[in-house]
Peer 1: 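Have a look at this one.
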Amino acid sequence: MAAAEIESVLPELFRGIDLAGVFLNGVLGGIIARRRRFDAVGFALLAIVSALGGGMLRDTLLQAGTPVALTDPYYLGTALAGAAVAFVIRLDGTWWNRFFILADGMVLGCWAATGAAKTLSLGLGVLPAVLLGVTTAVGGGMIRDVAVGQVPAVFGGNTLYATSAIFASGALIAVDAAGEPELGMLAAIVVGAGLSVLARWRNWRLPEH
Amino acid sequence: MAAAEIESVLPELFRGIDLAGVFLNGVLGGIIARRRRFDAVGFALLAIVSALGGGMLRDTLLQAGTPVALTDPYYLGTALAGAAVAFVIRLDGTWWNRFFILADGMVLGCWAATGAAKTLSLGLGVLPAVLLGVTTAVGGGMIRDVAVGQVPAVFGGNTLYATSAIFASGALIAVDAAGEPELGMLAAIVVGAGLSVLARWRNWRLPEH
Amino acid sequence: MAAAEIESVLPELFRGIDLAGVFLNGVLGGIIARRRRFDAVGFALLAIVSALGGGMLRDTLLQAGTPVALTDPYYLGTALAGAAVAFVIRLDGTWWNRFFILADGMVLGCWAATGAAKTLSLGLGVLPAVLLGVTTAVGGGMIRDVAVGQVPAVFGGNTLYATSAIFASGALIAVDAAGEPELGMLAAIVVGAGLSVLARWRNWRLPEH
């Protein structure tokens, strides 16, 4: 494919990764609900928080209109479909884990880039863009952890999870500044997935205090 | 009374149930503050979160102006009055519990309908309307539970509490679609109170995982 | 200095106290992250929540534009600088504690006044102004406490902390109503610092239930 052709399919690719992320995080919320023996309402609420909480938090902070999680007709249904799958099927095993780590890394990069790009587009600076990139990527998981009484995993002891989101946001910001927003999104997905998968594989962690 | 007369008193009835709900949930926040031996500030904060947290969460998510909880001159004072009553009087006993379950069910239906109706009025879809109906009805209690270090009761082990709010939101949406918003509110209150009281009485629960 | 001269330096003084508060609460978030052995991401997130969470909560509730915490170019960097200091230096000892209690009290008064003044300026009433004054002053600490799995200290067992914020908000509202907003801010800082330092020194507490 020529470069122009590649660029023309990127928006659909990003949309696909985004919705896959909503589905995956809906499943993840459901898996945690299953572990806690919650009922169907608990599955639905944890799936919605996991899948859409980060974007909702970003959009309420930015105050640039009703959160996409509520206006996009696919988001809520996709998150609930994830919850339903986790309700019916018990997902584990080596292949599920390998698939999940890769897919989760791509989603992390995609969401970090979305958050950073939206923040920049509203005229805010680089630091808020990184913060809201990270919020979009890890905020839903943080709220979910707090809701079930756990200290958020991103505070420590994880393998460069929020750190990957910081670098993915940075990749978007750098390439976006060069006038290539779509390539920036692609770069963020590659950086986010690459770094988070590598860190998980090699068990890289930030030094804890 | 003729149908037209009934309809003309409905708005005041709904307003009464709404404010009674703020008061009751202020009392409920205060009862929990008393159990935890909090001081007067803790009573006030838990009462405000319990009574107004769901509506505040709905209104910050909808981003259609400053939350009603702050602009309505009666809400904050009514929630604090509930806290004050719980501070002074120890509320328990069979009759209090019976009264509370019925009143709480009516409020649940009223708030679910309010949240669903407001969401629809902003042009959002049915799924967001149900989500924000449930948020209005149970969101304050969820935030309160998390704030005192408990896993929200609505996640599991309760007697169809959020489920009643789902059905109440659905009742509002159905009757509202038939062009009768006020009857929709009435239907939601009947459905919410009926189902939650029945479920409490018969100890109905969703299957847990 | 003449009264007019004093008034002309007040805005810079308030700005200084405000930014000092962001820094101090960034340090405080970092101190808690150090105690919990979080990594650098945990330090940064707790610092941001501690230092900017109250103002963010106020601004999302007021819905009068993107939170100052994101639009002001100094806030995020200052909070992160506080986290960095706490990461590198272990802050304790009698003199640090004495300095901290006084500085924290001034910040508490300054933030309570800022929140109350902003609420009044949007045409809201006295009760919401007090609520959002207290939210600005103690909201960040509350969210931080909940995030690390603790019941917020302001609910009980503290030495008139939120109470000092209530009185500081009240001082701003009273002096502002007399047509002197800048003196109101000054009064709030004096009242907030005075009452909270005095309460800490004399171990004054609200009666617990």
Side-chain angles (χ1 to χ4, degrees), chain B residues 29-53 55-81 83-84 86-90 142-152, chain C residues 56-67 115-116 118-135 137-139 141-167 169 199 204-209:
Chain B
I31 288 175
I32 289 163
R34 175 190 276 264
R35 229 176 269 155
R36 300 278 177 143
R37 308 198 149 275
F38 290 158
D39 61 27
V41 166
F43 271 72
L45 290 176
L46 273 199
I48 290 169
V49 166
S50 302
L52 304 174
M56 282 182 176
L57 185 53
R58 175 200 65 216
D59 288 344
T60 44
L61 284 173
L62 284 175
Q63 291 194 37
T66 307
V68 187
L70 297 174
T71 55
D72 182 301
Y74 289 95
Y75 276 170
L76 268 174
T78 305
L80 292 174
F87 195 86
V88 175
I89 306 170
R90 187 149 160 252
M142 281 181 63
I143 304 176
R144 181 199 63 221
D145 288 349
V146 170
V148 299
Q150 289 186 329
V151 174
Chain C
M56 283 183 176
L57 184 53
R58 173 200 66 215
D59 288 344
T60 43
L61 284 173
L62 284 176
Q63 290 194 38
T66 307
K118 189 163 186 177
T119 309
L120 291 178
S121 77
L122 292 167
L124 294 167
V126 165
L127 265 182
V130 172
L131 177 64
L132 292 184
V134 173
T135 299
V138 310
M142 281 181 64
I143 303 176
R144 182 199 62 221
D145 288 348
V146 170
V148 299
Q150 290 185 328
V151 174
V154 292
F155 284 174
N158 66 81
T159 49
L160 302 194
Y161 197 70
T163 308
S164 302
I166 294 172
F167 277 94
S169 303
W204 287 342
R205 288 154 198 270
L206 292 183
E208 289 177 34
H209 222 292

Peer 1: Side chain, backbone, both or neither: which part of C:Leu124 has an atom under 4.5 Å from a heavy atom of chain B?
Peer 2: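 It is the side chain, since no backbone atom gets that close.
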Peer 1: Checking C:Val146 against chain B: side chain, backbone, both or neither under 4.5 Å from a heavy atom?
Peer 2: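 Only the side chain of C:Val146 comes within 4.5 Å of chain B.
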Peer 1: For B:Phe87, does the CZ atom have more than 12 heavy-atom neighbours from other residues, nucleotides or ligands under 6.0 Å away?
Peer 2: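 Atom CZ in B:Phe87 is packed in, count exceeds 12.
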Peer 1: Between B:Ala64 and chain C, with a heavy-atom cut-off of 4.5 Å, which part of the residue counts as in contact: side chain, backbone, both or neither?
Peer 2: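 Just its backbone gets close to chain C.
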Peer 1: What part of C:Leu131 gets within 4.5 angstrom of chain B, counting heavy atoms only: side chain, backbone, both, or neither?
Peer 2: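 Side chain only.
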Peer 1: Give, for atom CD1 of B:Ile32 and atom CZ of C:Phe155, the distance between the pair rounded to the nearest 0.5 Å.
Peer 2: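 If we round to the nearest 0.5 Å, B:Ile32:CD1 and C:Phe155:CZ are 10.5 Å apart.
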Peer 1: So what's closer than 4.5 Å to chain C heavy atoms on B:Tyr75: side chain, backbone, both or neither?
Peer 2: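 Neither part, no heavy atoms under 4.5 Å.
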Peer 1: Just so I understand: if I count every heavy-atom pair under 4.5 Å between each of B:Ala40, B:Ala33, B:Pro67 and chain C, which residue has the most?
Peer 2: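 Among the listed options, the one with the most contacts to chain C is B:Pro67.
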Peer 1: What is the minimum heavy-atom distance between C:Lys118 and C:Asp59, and which atoms define it?
Peer 2: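 Closest approach of C:Lys118 to C:Asp59, heavy atoms only: NZ-OD1, 3.0 Å.
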Peer 1: Can you tell me how far CG of C:Leu127 sits from CG of B:Leu76, rounded to the nearest 0.5 angstrom?
Peer 2: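 Atom-to-atom, B:Leu76:CG and C:Leu127:CG are 5.5 Å apart.
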Peer 1: Could you pull out the closest heavy-atom pair between B:Arg36 and C:Val151, with the gap in Å?
Peer 2: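 Here B:Arg36 and C:Val151 meet closest at NH1-CG2, 4.3 Å.
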Peer 1: Tell me, do C:Leu61 and B:Met56 make a side-chain contact under 4.5 Å, heavy atoms counted?
Peer 2: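 A side-chain contact exists here, since the closest heavy-atom pair is under 4.5 Å.
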Peer 1: For C:Leu122, is it the side chain, the backbone, both or neither that has a heavy atom under 4.5 Å from a heavy atom of chain B?
Peer 2: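 For C:Leu122, neither part sits under 4.5 Å from chain B.
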Peer 1: Among B:Ala69, B:Gly42, B:Gly77, which residue has the highest count of heavy-atom pairs closer than 4.5 Å to chain C?
Peer 2: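 Option with the greatest count: B:Gly42.
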